[in-house]
Participant: 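Next up is a structure, given as structure tokens.
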Amino acid sequence: MSKKRVQEDSDSDIDLSSTDEELEQPQIQTNDEEPEIVDVDFDFFDFNPEIDFHSVKNFIRQLFGDDNVDIELSALTDLLLEKGHVGTTVKTDGKGGDPFSILSVLNLTKNLKQTAVSKLVDYILAKTSKSTEFNIMLRQLLKQNSKYKTGLIFSERLINMPVETVPPMYKMLLEEMEKSEDSHEEYELDYLIVVSKVYQLVASEADKLLDDSNKRKKTKTADSSKKEMDYFHYEDTVLEKNSTNYGYFNYNRKVQESDARRVFTDYGIEPKMSLILLTKAQLSKAIVEMEQQFPPF
């Protein structure tokens, strides 16, 4: 998994360059040109507390979206970076470089007395309060003295990281959990919660303001109000398929309007939180399907 082929697509046949001289005489691209080849070596490393703290903290911040202010980011990062903790980072500049992806798991049941974990559990339960069946199940799993052990998976990456790097990370995570010296106490988990993000395409508020006549409102096509959902993490489709339960939830806070996220589209982007609940056996099955659906380069 050491090379990635990248082909720059353009809506125009004109090669727009950065110099004024070349802009005055646009060059026409031919279809015979070879696609650009970019070599990228993705290396997998254990978490490194001396180097990875700020990057891991930023990934957790990114994972919880606009609600990150309700999460004790530093305390959770410290827990993930404890000596002997399982997890993987993906880097391109060696062990001392900044991670492009992270994947780890935190035993919620064992750490419920930790303030950061307790607040995180309360946040998840509040988030799912309107999904009755899901919420009841989570309350049973996450209560004090529950007979079940539940972990939370932290999986986040830079937006342009290929999904093909994800299946090996999940496979290594399960192997580390089984081989860890603390495997019985820390990683014999019955259930796992995956926190992720999806986004919904919503009609532009600017367009709604322009549509100020009743006549135009009546003649609007059905497609103009159609809501579509898409994934930031494509592996979530496989996880959802194999899950016990999952759901999408609005963020408590809205820092940025949907219209501000519009890029080359008639729709705004409204991010939502995704929570996926799996047994350990379901996760193992999902990883096999991930490897088939997103094979190495």
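Everything numeric here is computed off the predicted structure, so don't read it as measured data.
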Participant: T88 and E176: side-chain contact (heavy atoms from CB on, under 4.5 Å), yes or no, with the steps?
Facilitator: CA-CA 10 Å; T88 301; E176 284 186 272; 3.6 Å; yes
Participant: If you compare all heavy atoms of F59 against all heavy atoms of F100, which two are closest, and at what distance to 0.1 Å?
Facilitator: CZ-O, 3.5 Å
Participant: Would the distance check show the side chain of N135 and the main-chain N or O of L125 forming a donor-acceptor pair, the cut-off being under 3.5 Å?
Facilitator: yes
Participant: Under a plain distance cut-off of 3.5 Å, with no hydrogens placed, do E186 and H85 share a side-chain donor-acceptor pair?
Facilitator: no
Participant: Is it true that a side-chain atom of T109 and a backbone atom of T150 form a donor plus acceptor pair closer than 3.5 Å?
Facilitator: yes
Participant: Atom NZ of residue position K110 - does it have more than 12 heavy atoms of other residues, nucleotides or ligands inside 6.0 Å?
Facilitator: yes
Participant: Whether the side chain of K149 engages the backbone of L108 through a donor-acceptor N/O pair (distance < 3.5 Å, no angle test) should be reported.
Facilitator: no
Participant: Mind checking the CG-CD1 spacing from L239 to I276? Nearest 0.5 Å is all I need.
Facilitator: 5.0 Å
Participant: Working to the nearest 0.5 Å, report the span between CG of L81 and CD of E50.
Facilitator: 11.0 Å
Participant: Could you check whether atom OH of Y234 has more than 12 heavy atoms from other residues, nucleotides or ligands sitting under 6.0 Å from it?
Facilitator: no
Participant: Going through the distances and angles, do M273 and F64 end up as a side-chain contact (heavy atoms from CB on, under 4.5 Å)?
Facilitator: CA-CA 7 Å; M273 172 168 284; F64 284 92; 3.6 Å; yes
Participant: Minimum heavy-atom separation for E235 and S155, please, with both atom names.
Facilitator: OE2-OG, 4.1 Å
Participant: How long is the gap from CG on L76 to CD1 on I60, to the nearest 0.5 Å?
Facilitator: 5.5 Å
Participant: side-chain contact (heavy atoms from CB on, under 4.5 Å) between S74 and F53: does it pass, once the steps are laid out?
Facilitator: CA-CA 8 Å; S74 294; F53 178 86; 4.0 Å; yes
Participant: Flag the pair D43 / K95 as yes when at least one side-chain heavy-atom distance between them is below 4.5 Å, and no otherwise.
Facilitator: no
Participant: Roughly how far, to the nearest 0.5 Å, is CG of L152 from CD1 of I193?
Facilitator: 6.0 Å
Participant: Got a second to check how far K91's NZ is from S101's OG, nearest 0.5 Å?
Facilitator: 11.5 Å
Participant: Evaluate side-chain contact (heavy atoms from CB on, under 4.5 Å) for L277 paired with M137, printing each intermediate quantity in order.
Facilitator: CA-CA 10 Å; L277 178 66; M137 185 176 297; 3.3 Å; yes
Participant: Working note: K171 + E175, criterion salt bridge (charged side-chain N to carboxylate O under 4.0 Å, His left out); need CA distance, chi angles, decisive distance, verdict.
Facilitator: CA-CA 6 Å; K171 188 172 182 178; E175 291 173 352; 5.0 Å; no
Participant: Side chains of L174 and M177: does their closest heavy-atom pair fall under 4.5 Å?
Facilitator: yes
Participant: How close do Y187 and V86 get, heavy atom to heavy atom, and via which atoms?
Facilitator: OH-N, 3.2 Å
Participant: So, T165 side chain and P162 main chain: donor-acceptor pair closer than 3.5 Å or not?
Facilitator: yes
Participant: Going by the salt bridge (charged side-chain N to carboxylate O under 4.0 Å, His left out) test, name the single residue among K119, R253, R61 that passes it with D70.
Facilitator: R253
Participant: Answer yes or no: is there a side-chain heavy-atom contact under 4.5 Å between V163 and R157?
Facilitator: yes
Participant: I'd like to know whether the aromatic ring centres of Y191 and Y148 sit less than 6.0 Å apart in this structure.
Facilitator: yes
Participant: Give the minimum heavy-atom separation between D52 and P99, together with the two atoms involved.
Facilitator: OD1-CD, 3.8 Å
Participant: Parallel under 30°, tilted from 30 to 60°, perpendicular over 60°: which one fits the rings of F134 and F249?
Facilitator: tilted
Participant: Enter the distance from Y248:OH to D236:CG here, rounded to the nearest 0.5 Å.
Facilitator: 8.0 Å
Participant: Can the positive tip of K197 be found less than 6.0 Å from the middle of the six-membered ring of F232, inside 45° of the ring normal?
Facilitator: yes
Participant: Give a yes or no on whether the backbone of I102 and the side-chain of T89 come within a donor-acceptor separation of less than 3.5 Å.
Facilitator: no
